[in-house]
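Written out below as structure tokens is the structure these notes cover.
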Amino acid sequence: MLSSCVRLVPATVRLVQSGICITSRSFMDLKALLSSLNDFASLSFAESWDNVGLLVEPSPPHTVNILFLTNDLTEEVMEEALQKKADLILSYHPPIFRPLKQITWKSWKERLVIRALENRVGIYSPHTAYDAAPQGVNNWLAKGLGACTSSPIHPSKAPNYPTEGTHRIEFSVNHTQDLEKVMSVVKGIGDVSVTSFSARIDNEEQTRISLNCTQKALMQVVAFLSQNRQLYQKTEILSLEKPLLLQTGMGRLCTLDESVSLATMIERIKRHLKLSHLRLALGVGRTLESEIKVVALCAGSGSSVLQGVEADLYLTGEMSHHDVLHATSQGINVILCEHSNTERGFLSDLQDMLRVHLENKVDIILSETDRDPLCVV
């Protein structure tokens with residue numbers, strides 16, 4: 001009987017013939033998939049103001065057969081995702097940004113949440129984590145410029161300090177002071193790690209104390225040291241910075257291998273973004289034949305990232321009127337392509353990269369209805 005040859009396993013269909021088991025669809029547990037996505041581009045890269053990660057979670061356990069990619073999650077895109085049986089929607093822009101005070105049918109963003117939960121579809125957003133990532137949106141945007149070298153305009157910092165604490169305090173104890181008492185007190189303060197070593201200072205043998213501590217512990221250590229004028233006057237306090245991640249961060253400053261005219265650069269950008277039109281503001285004293293050697297770019301809305309950067313050209317999705325005026329007054333050309341037009345094309349690259357990264361364990365579908373809300377008429 002046919003029923004003896006077919007058995008159903010959750011989210012997987014297996015055909016058993018002559019002892020051979022063929023898997024027609026793969027899947028991943030949601031938690032495992034989220035872990036893999038974080039390995040691909042850590043959410044720690046995202047800006048502190050952003051709302052990234054898993055925004056809507058169906059009740060567990062939840063398996064993902066189909067991962068659906070979109071730049072913006074609108075109601076039209078949600079309908080497409082449901083028709084295509086998506087289990088998880090990766091929306092580059094977070095559809096939930098400001099806190100929701102209720103979940104009703106009155107607003108479109110609340111309806112997105114309702115429909116997702118009713119249909120057991122998760123929603124995940126990486127946003128600025130993908131902006132900063134070495135293989136992310138800004139690197140994709142830079143590919144359209146031609147051969148160049150690039151680096152982040154604002155490099156990211158490592159998510160964790162290389163050592164314990166946020167501050168380092170160093171001071172010296174001479175032979176006239178009670179070393180054991182000093183060590184006992186500082187070691188008794190929470191969140192403090194202490195090292196000591198002998199040092200010759202001002203032709204005198206002394207013990208150098210170095211300790212790492214948190215902001216809270218810093219105040220307690222300073223309060224103790226301030227009781228001893230000799231100790232306090234020779235105390236140094238260093239603020240520990242997280243190390244920079246040189247290939248990770250916001251925006252890109254790109255230096256072309258060979259200069260090209262502004263007119264040539266415009267055509268390259270149009271071709272890369274698949275646009276027939278874009279907006280151009282010429283820098284003071286510049287023409288379409290002006291040479292372009294250095295391009296500062298930022299996908300999306302780039303005003304804050306590009307501000308003050310020296311370049312021949314700013315490339316972004318949108319900037320305020322006054323920011324454009326300021327840039328052009330400095331002789332910098334500005335190209336605006338509308339916000340999501342500088343981001344959406346990355347999703348095709350992302351689809352390919354995730355297929356490799358996830359080892360084809362899930363089907364990855366690219367939205368066909370997602371588009372920029374603005375068009376030239």
Side-chain angles (χ1 to χ4, degrees), residues 25-28 30 33-34 36-37 40-41 50-58 62-97 107-131 133 135-141 143-144 272-276 299-301 317-318 337-358 360-376:
R25 291 180 67 187
S26 297
F27 66 88
M28 291 184 71
L30 177 61
L33 177 54
L34 294 177
S36 292
L37 289 175
F40 174 75
D50 207 357
N51 190 34
V52 296
L54 185 63
L55 306 184
V56 175
E57 179 183 10
H62 185 63
T63 55
V64 178
N65 292 295
I66 296 177
L67 175 62
F68 183 90
L69 308 183
T70 184
N71 200 79
D72 293 294
L73 182 55
T74 62
E75 289 189 279
E76 183 181 9
V77 173
M78 173 61 82
E79 184 63 35
E80 179 193 5
L82 296 180
Q83 289 178 0
K84 294 180 176 177
K85 308 298 182 184
D87 302 295
L88 179 66
I89 297 172
L90 188 155
S91 176
Y92 166 74
H93 284 136
I96 304 173
F97 191 76
S107 78
W108 70 278
K109 290 197 173 184
E110 293 169 35
R111 290 195 294 271
L112 289 177
V113 175
I114 293 170
R115 297 205 70 192
L117 290 175
E118 285 180 341
N119 291 276
R120 292 190 56 76
V121 177
I123 301 175
Y124 175 91
S125 177
H127 200 203
T128 53
Y130 279 11
D131 288 346
Q135 74 283 30
V137 181
N138 283 303
N139 263 33
W140 166 81
L141 186 57
K143 289 180 181 179
H272 184 58
L273 301 184
K274 299 178 181 178
L275 297 175
S276 58
S301 181
E318 59 181 338
C337 306
E338 306 307 344
H339 189 111
S340 67
N341 288 336
T342 57
E343 304 161 337
R344 184 169 288 102
F346 166 71
L347 294 180
S348 294
D349 280 15
L350 177 65
Q351 183 181 37
D352 294 337
M353 288 187 288
L354 287 182
R355 281 173 176 160
V356 174
H357 183 73
L358 300 177
N360 292 311
K361 292 178 181 177
V362 297
D363 292 332
I364 303 174
I365 296 176
L366 194 60
S367 174
E368 297 177 4
T369 58
D370 175 45
R371 62 184 179 277
D372 195 275
L374 295 172
C375 63
V376 178

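Numbers for residues simply follow the sequence, beginning at 1. Just so it is clear, the values below take in all heavy atoms, side chains as well, and ignore hydrogens, waters and symmetry mates.
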Just do the side-chain contact (heavy atoms from CB on, under 4.5 Å) check on K109 and I96 with the steps written out, would you? CA-CA 7 Å; K109 290 197 173 184; I96 304 173; 5.9 Å; no
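- No donor-acceptor distance shorter than 3.5 angstrom exists from the side chain of E318 to the backbone of H339, with no hydrogens or angles considered.
- Residue pairs meeting the salt bridge (Lys or Arg N to Asp or Glu O under 4.0 Å) criterion with at least one member in residues 114-131, sequence neighbours excluded, are E79-R115.
- Listed here is the closest heavy atom pair of C337 and N341: O-ND2, 2.8 Å.
- Residues L55 and F97 fail the side-chain proximity criterion, which asks for heavy atoms closer than 4.5 Å.
- A ring-ring contact (aromatic ring centres under 6.0 Å, His included) check over residues 66-91, counting only residues at least two apart or in different chains, returns nothing.
- Counting heavy atoms from C-beta outward, L88 and V121 have side chains that stay 4.5 Å or more apart.
- Residue M28 comes nearest to L358 through the heavy atom pair SD-CD2, 4.2 Å, listed as atom of the first residue, atom of the second, then distance.
- Shown here for V64 and V362, the closest heavy-atom pair between the two residues is O-CG1, 3.2 Å.
- Taking each heavy atom of E57 and L30 in turn, the nearest pair found is CG-CD2, 4.0 Å.
- Applying the 6.0 Å contact sphere to CZ of R111 captures more than 12 heavy atoms from other residues, nucleotides or ligands.
- When every heavy atom of N65 is checked against every heavy atom of D87, the shortest pair comes out as N-OD2, 2.8 Å.
- Considering every non-hydrogen atom in both W108 and L73, the closest pair reads CZ3-O, 3.4 Å.
- A distance-only check finds no donor-acceptor pair linking the side chain of S125 to the backbone of V52 [under 3.5 Å].
- Residues passing the ring-ring contact (aromatic ring centres under 6.0 Å, His included) test with H127, sequence neighbours excluded: Y92, H93.
- Screening residues 342-356 for salt bridge (Lys or Arg N to Asp or Glu O under 4.0 Å), with sequence neighbours left out, gives D72-R344, K143-D349, R344-D370, D352-R355.
- In this view, H272 and W140 satisfy the ring-ring contact (aromatic ring centres under 6.0 Å, His included) rule, not counting sequence neighbours.
- For Y124, the ring-ring contact (aromatic ring centres under 6.0 Å, His included) criterion is met by no residue, not counting sequence neighbours.
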